[in-house]
Amino acid sequence: MSDTASKAPVMAADGRPLKRSLTRALRVQKMRALALIAPLLLFVMLSFIMPIGDMLFRSVENQIVEDTLPNTTRELANWDGASDELPPEPVYQALYHDMFLATELKRHTRLGSRLNYESTGMSSLFRQTGRKLDDAGKDFRTLFLAVDEAWGDGATWQSVMRGAEGATPDTALVKAQKKRIYYLDDQAARGQLEFAPSQDISALLPLTAREYTAFAVVTSLIEKDDLAATKPFESLFVALANDLSIADLSGYDGPGADNLRALQASGLPAPNYTEIFGEMDEDWVNLDTWRTIQVHSDPYTSGYFLNAVDMQKTPTGVEMQPEDRQVLITLFVRTLIMSLTIMCACIVLGYPIAWLLANLPMRQANVLMILVLLPFWTSLLVRTSAWKVMLQQQGVINDTLVWIGLVADDNRLALINNETGTIIAMTHILLPFMILPMYSVMQTINPTYLRAAKSLGASNWTAFWRVYFPQSIPGIGAGSILVFILSIGYYITPEIVGGTKGIFISNRIAFHISSSLNWGLAAALGTILLVAVLVLYWAYDKIVGIDNVKLG
């Protein structure tokens, strides 16, 4: 055979190179396999990966402060929180207008609740301030109307802000205010805003133009009202009074020029924002209030994780929380200890039962298996409620102990609303999860090994300990992982029978999700719990070897 013939590619029946045909066939098989498992992958992605990712994000996300008070946080970044001086006037000015818009959209209470997690009293401060913000604006509106009643008409404001016909619109300001309201209100201000302030007005009256544009976005795109027919926000009178106190109107000849000059000439006072907030609540002239806002104004924070380990982020650094609030580390330790106790109790109680299931004749083994599986056929809530009844001081267990004389009638055992009740009830509920993996592994152990050991002179105990038990360890490992992971995140049983001393960290997570609405702290606690399980899993793999875990 010649060299040319030996280097020629092997061809398939369809005339294509065999290697290319095989590659194509393999690719088709892979695509088909991927299409078959695609629904499962999508389900896992939507129901498992994305919720966990969202939880991890919520544990560090803190954008509510910046979204609600964007101008305030920007001005506050220039303030030295370690000084003994209050923030300067521009900070109070930015706070007034940020708070006013947030109050109009009913978002200021959310921010108060967020900051209340860090400093008690912030929630009521924001709520009460929101109710009083109109007062200063009403005072200025009275002064405006005393000079010219046209300022009470929305059309006058719109005409002044729009500028002369043909004026260049400040579209960048419109875009910025739509973005500001989008982040504040969690909804897009959809549609095209027909109003835009002129660039001349934006340069002459910057604060008024900004706040009027925000007012226009809210009125036209969210509330769907006619801008010219809507009464202006009270904050607009404050903003215009502030701008007129420093504006140079000598070169302005656009719409409303005479009205503006009349206002400026009337001796309109410039608003003192610091005084306005001091009259609303003295906490606004308290350094601690501003330090709390400044410390927690970053879009991402470690504060939730610090709170989860009984620490807190303060203007002077990280500190331990007051002793009366240090409960979470205790709950973490209690959860780990009780989960290990429940796991050990399940091993001790489940091992003999699994051994009997694996070694009894089939008929008796089936009856015993039904008894093991019986709890699975009964509602978890019913089983837990039954333990609630049985463990009471006047319950079945105490009555039995008194009847047989082990416990005095006036000294009954406290088995409920404490760690004992939680351990007893959860051991019973999780016991099948220990028995079934051990039984599956024990079924595979050949009984001839024990007979061979005994025939060589080993005692019953030696044969069991040296031959049978090592072969059953994979089942113990599988059951232990199942029981420990289930118990560390258990919620219903500790909630019902644990009282205040027998609850787990999962109960605290549920409290923050459903009652205190501190989702960030709940996410941080959940993340720490997840990491703890992964670390234990890693340690188990290093010590025992995850390959030795078998379910059958």
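Residues take their numbers from the sequence shown, with the count starting at 1.
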Under 4.5 Å between any side-chain heavy atoms of [X] and [Y], yes or no?
{"X": "Thr156", "Y": "Asp148", "answer": "no"}
{"X": "Leu101", "Y": "Arg107", "answer": "no"}
{"X": "Ile52", "Y": "Leu530", "answer": "yes"}
{"X": "Val497", "Y": "Ile424", "answer": "no"}
{"X": "Asp200", "Y": "Leu204", "answer": "no"}
{"X": "Leu95", "Y": "Tyr273", "answer": "no"}
{"X": "Arg334", "Y": "Ile503", "answer": "yes"}
{"X": "Arg325", "Y": "Asp310", "answer": "no"}

Between [atom1] of [X] and [atom2] of [Y], what distance do you get to the nearest 0.5 Å?
{"X": "Thr219", "Y": "Phe233", "atom1": "OG1", "atom2": "CZ", "result": "5.0 Å"}
{"X": "Leu69", "Y": "Thr73", "atom1": "CG", "atom2": "OG1", "result": "7.0 Å"}
{"X": "Trp79", "Y": "Glu85", "atom1": "CH2", "atom2": "CD", "result": "10.0 Å"}
{"X": "Ile276", "Y": "Asp135", "atom1": "CD1", "atom2": "CG", "result": "10.0 Å"}
{"X": "Ser198", "Y": "Leu205", "atom1": "OG", "atom2": "CG", "result": "9.0 Å"}
{"X": "Ser220", "Y": "Glu194", "atom1": "OG", "atom2": "CD", "result": "7.5 Å"}

Compare every heavy atom of [Y] with every heavy atom of [X], then report the nearest pair and how far apart it is.
{"X": "Ser83", "Y": "Arg291", "result": "O-NH2, 2.9 Å"}
{"X": "Glu75", "Y": "Pro90", "result": "OE1-CB, 3.7 Å"}
{"X": "Ile496", "Y": "Lys388", "result": "O-NZ, 2.9 Å"}
{"X": "Ala102", "Y": "Thr68", "result": "CB-CG2, 3.8 Å"}
{"X": "Ser487", "Y": "Leu430", "result": "CB-CD1, 3.6 Å"}
{"X": "Met45", "Y": "Pro51", "result": "O-CD, 4.3 Å"}

Task: Residues which pass side-chain hydrogen bond (donor to acceptor under 3.5 Å, both in side chains) with Tyr490, listed by chain and number, not counting sequence neighbours - done: none

Open item on the list: Applying side-chain hydrogen bond (donor to acceptor under 3.5 Å, both in side chains), can you list everything that pairs with Glu118, at least two apart in sequence or on another chain?
Closed with: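 For Glu118 the side-chain hydrogen bond (donor to acceptor under 3.5 Å, both in side chains) partners, ignoring immediate neighbours, are Arg114.
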
- [ ] Report the residue from Gln312, Lys313, Gln321 that forms a side chain to side chain donor-acceptor pair (under 3.5 Å) with Asn307.
- [x] Gln321

Has the side chain of [X] got a donor or acceptor atom that lies under 3.5 Å from a matching backbone atom of [Y]?
{"X": "Tyr117", "Y": "Tyr304", "answer": "no"}
{"X": "Ser124", "Y": "Gly121", "answer": "yes"}
{"X": "Thr292", "Y": "Asp288", "answer": "yes"}
{"X": "Thr289", "Y": "Val285", "answer": "no"}
{"X": "Glu495", "Y": "Asn507", "answer": "no"}
{"X": "Thr129", "Y": "Phe126", "answer": "no"}
{"X": "Gln264", "Y": "Ala247", "answer": "yes"}
{"X": "Ser245", "Y": "Asn242", "answer": "yes"}
{"X": "Asn62", "Y": "Pro299", "answer": "no"}
{"X": "Thr103", "Y": "Lys106", "answer": "no"}

Open item on the list: Please determine whether side-chain contact (heavy atoms from CB on, under 4.5 Å) holds for the pair Thr72 and Val91, giving the CA-CA distance in whole Å, both sets of side-chain angles, and the decisive distance to 0.1 Å.
Closed with: CA-CA 6 Å; Thr72 308; Val91 175; 4.3 Å; yes

- [ ] Pick out which of Leu236, Leu143, Leu240 makes a side chain to side chain contact (heavy atoms under 4.5 Å, CB included) with Trp151.
- [x] Leu240

Take a 6.0 Å sphere around [atom1] of [X] and say whether it holds more than 12 heavy atoms from other residues, nucleotides or ligands.
{"X": "Asn78", "atom1": "CG", "value": "yes"}
{"X": "Met320", "atom1": "CE", "value": "yes"}
{"X": "Glu149", "atom1": "CD", "value": "no"}
{"X": "Lys224", "atom1": "NZ", "value": "yes"}

- [ ] List the steps, then state whether side-chain contact (heavy atoms from CB on, under 4.5 Å) holds for Asn518 with Phe511.
- [x] CA-CA 9 Å; Asn518 190 351; Phe511 167 76; over 6 Å; no

Open item on the list: I'd like to know whether the aromatic ring centres of Phe195 and Tyr212 sit less than 6.0 Å apart in this structure.
Closed with: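 Yes, they do, as the ring centres are separated by less than 6.0 Å.
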
Task: Output field: ring centroids Trp157/Phe237 closer than 6.0 Å - done: yes

- [ ] Specify whether Tyr92 and Phe277 have parallel, tilted or perpendicular ring planes, treating 30° as the upper limit for parallel and 60° as the lower limit for perpendicular.
- [x]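 Tilted: the ring planes of Tyr92 and Phe277 meet at 30° to 60°.
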
Task: Test log, rule salt bridge (Lys or Arg N to Asp or Glu O under 4.0 Å), inputs Asp98 and Arg180 - done: CA-CA 10 Å; Asp98 283 344; Arg180 173 188 176 190; 3.2 Å; yes

Open item on the list: Between Trp284 and Leu125, does the side-chain contact (heavy atoms from CB on, under 4.5 Å) criterion hold? Intermediate values first, please.
Closed with: CA-CA 9 Å; Trp284 286 116; Leu125 175 62; 3.4 Å; yes

Task: Steps toward side-chain contact (heavy atoms from CB on, under 4.5 Å) verdict (Trp387, Ile416) - done: CA-CA 9 Å; Trp387 278 113; Ile416 197 73; over 6 Å; no

Open item on the list: Does either side chain, that of Arg127 or that of Ser123, offer a donor lying less than 3.5 Å from an acceptor on the other one?
Closed with: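 Yes, because at least one side-chain N or O of Arg127 sits under 3.5 Å from a partner of the opposite role on Ser123.
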
Open item on the list: Run the salt bridge (Lys or Arg N to Asp or Glu O under 4.0 Å) test on Glu234 and Lys132 for me, step by step, so that the C-alpha distance in whole Å, both residues' side-chain angles and the decisive distance to 0.1 Å come before the verdict.
Closed with: CA-CA 12 Å; Glu234 284 79 4; Lys132 297 177 181 177; over 6 Å; no

Contacts table for residues 166-173: side-chain donor-acceptor under 3.5 angstrom, sequence neighbours left out:
{"unit_1": "Asp170", "atom_1": "OD1", "unit_2": "Leu173", "atom_2": "N", "d": "3.2"}
{"unit_1": "Asp170", "atom_1": "OD2", "unit_2": "Ser202", "atom_2": "OG", "d": "2.8"}

